[in-house]
Structures are given as structure tokens and as C-alpha cells.
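In what follows, a structure is listed as C-alpha cells, so that the remarks can point back to it.
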Amino acid sequence: LSSAADALKLLETMQTSISSSTPNPSATSTTPTEGRTLVYFGSVSQSGLSAVVEADEIEMFNGDQATEAAMKDTGCSKEKVIGCAPTLNNNFYIRNSATTTKKYTVTLSTEVYLISSTDTSKLEKVSLLQLKERYEAGGLSGLRSSPFWITLQGTKIVKVEEQYIP
């Protein structure tokens, strides 16, 4: 981004492209967290030169743990669980049992890494604008259905990393 005006324009565009899915405000937490967490992104709202995003924490399992988690969540037997949780065909399962979201701040200094378009085993560093452009092309569903690892310092996201899904 070349200027503060470009940054404001980016954040305004992100807000309009994502804000239509704002969750129930009573189901939102602002509890600060430290470390790395896997999330789906929800709404985005501009706040000066930064943005406030709502994130829904999720858990991802693979192998036998994925099967066990899916059986527990769906109530399906081991023989029928793939029909209840089709992602098990790809050896993973995502649990999204919480109905609350948490608010975090994203700034121009937040590092963003997306899966490379030429090699899905690699992440490439991109700008916030590139993140917006990639997922704007896929609509809101692109941000809400793709898991991201976020690294937190308090309520600020310092790093965003897209999680590969087979």
C-alpha cells in the first residue's frame, strides 16, 4: 500500500465485502489471547487505519483423531461416519462447536501468508490488499470457509497464515 489513503480505502472495501455476515453482538467476546489459534474469519469493521475482525475459533483433526471427533460430534458409528462427515475422505475433520466469536485488531503491520497458487505445500507472504482480492473473488464464503492460523499478541493479530485443506 502506497499511502494512508490507500490503507483506508482497503479497509473500507473489506468492511463492505464482509460486513453483511455480522454475527449476533451478544455472542461476541473480546477476551485477549496470546499464541496461535485456528479460526474462520467473520465480519470486518474499520477503525481508523486498522480493522476489527471477528474470528470463530475451530479445531482441526486428522487421522484416527479426526474419525473419533467426527463420531463424537455427529453421533454416527465408525462404519457410517464418512457419510456424516465427508471431509474424512480426505483424512481431516474440522470441529466448530463454539457459537461465540472473538474480536481482534488487524493493522497494516499484520503479516499475511496465503497458500501459493503454484505450490500448495508453500505459503507466500502477501499484503492485506492481496488477501482481500483473493477472497473477494470467491465472495464472503472464501473467508468464512477457509481456516486461518492467527498469531496473537493480546487482541492484535500479528500474523495470518492460511491452512491448507485437501
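Heavy-atom basis, side chains included; hydrogens, waters and symmetry copies ignored. These numbers come from a predicted model, not from an experiment.
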Point to revise | Linked, directly or transitively: Val158 and Tyr113 (ILVMFWY side chains, under 4.5 Å) | key: no
Point to revise | Worked check of side-chain contact (heavy atoms from CB on, under 4.5 Å) between Leu123 and Ile115 | key: CA-CA 4 Å; Leu123 293 175; Ile115 295 170; 3.8 Å; yes
Revision key, fill the gap. Of all heavy-atom pairs linking Ser109 and Lys156, the shortest is OG-NZ, 3.4 Å
Review point. Looking at Ser121 and Asp119, what are the two nearest heavy atoms and their distance?
Key: OG-OD1, 2.6 Å
Check your understanding: Closest heavy-atom contact between Lys103 and Glu54?
Key -> CE-OE2, 3.4 Å
Exercise for review: Work out which heavy atom in Thr151 is nearest to a heavy atom in Arg36; give both atom names and the distance.
Suggested key: OG1-CG, 4.0 Å
Exercise for review: Kindly work out whether a path of hydrophobic side-chain contacts (I/L/V/M/F/W/Y, heavy atoms less than 4.5 Å apart) joins Val52 to Ile150.
Suggested key: no
Exercise for review: Working to the nearest 0.5 Å, report the span between OH of Tyr104 and CG of Leu152.
Suggested key: 5.0 Å
Point to revise | Approximate separation, where rounding is to 0.5 Å, of Phe41 CZ and Asp56 CG | key: 11.5 Å
Review point. To the nearest 0.5 Å, what is the distance between OG1 (Thr100) and CD (Glu57)?
Key: 7.5 Å
**Study point:** Check: Gly63 main-chain N/O paired with Asn91 side-chain donor or acceptor under 3.5 Å
**Key:** yes
Review point. When Ile157 is tested against each of Val53, Val112, Thr107, Thr105 for side chain to side chain contact (heavy atoms under 4.5 Å, CB included), which residue passes?
Key: Val53
Practice item. Using side-chain hydrogen bond (donor to acceptor under 3.5 Å, both in side chains) as the criterion, point out the one residue from Thr67, Thr74, Thr87, Asp73 that pairs with Tyr93. Key: Asp73
Check your understanding: Of Lys159, Glu162, Glu161, which meets side chain to side chain contact (heavy atoms under 4.5 Å, CB included) against Phe148?
Key -> Glu162
Point to revise | Same apolar cluster: Trp149 and Phe92, side chain cutoff 4.5 Å | key: yes
Check your understanding: CZ of Arg95 to CG of Leu38: how many Å apart, nearest 0.5 Å?
Key -> 13.0 Å
Review point. What do the steps show when you test Ile165 against Ile94 for side-chain contact (heavy atoms from CB on, under 4.5 Å), and what is the final call?
Key: CA-CA 10 Å; Ile165 297 291; Ile94 294 178; 3.9 Å; yes
Review point. Transitively linked via ILVMFWY side-chain contacts under 4.5 Å: Met71 with Leu88?
Key: yes
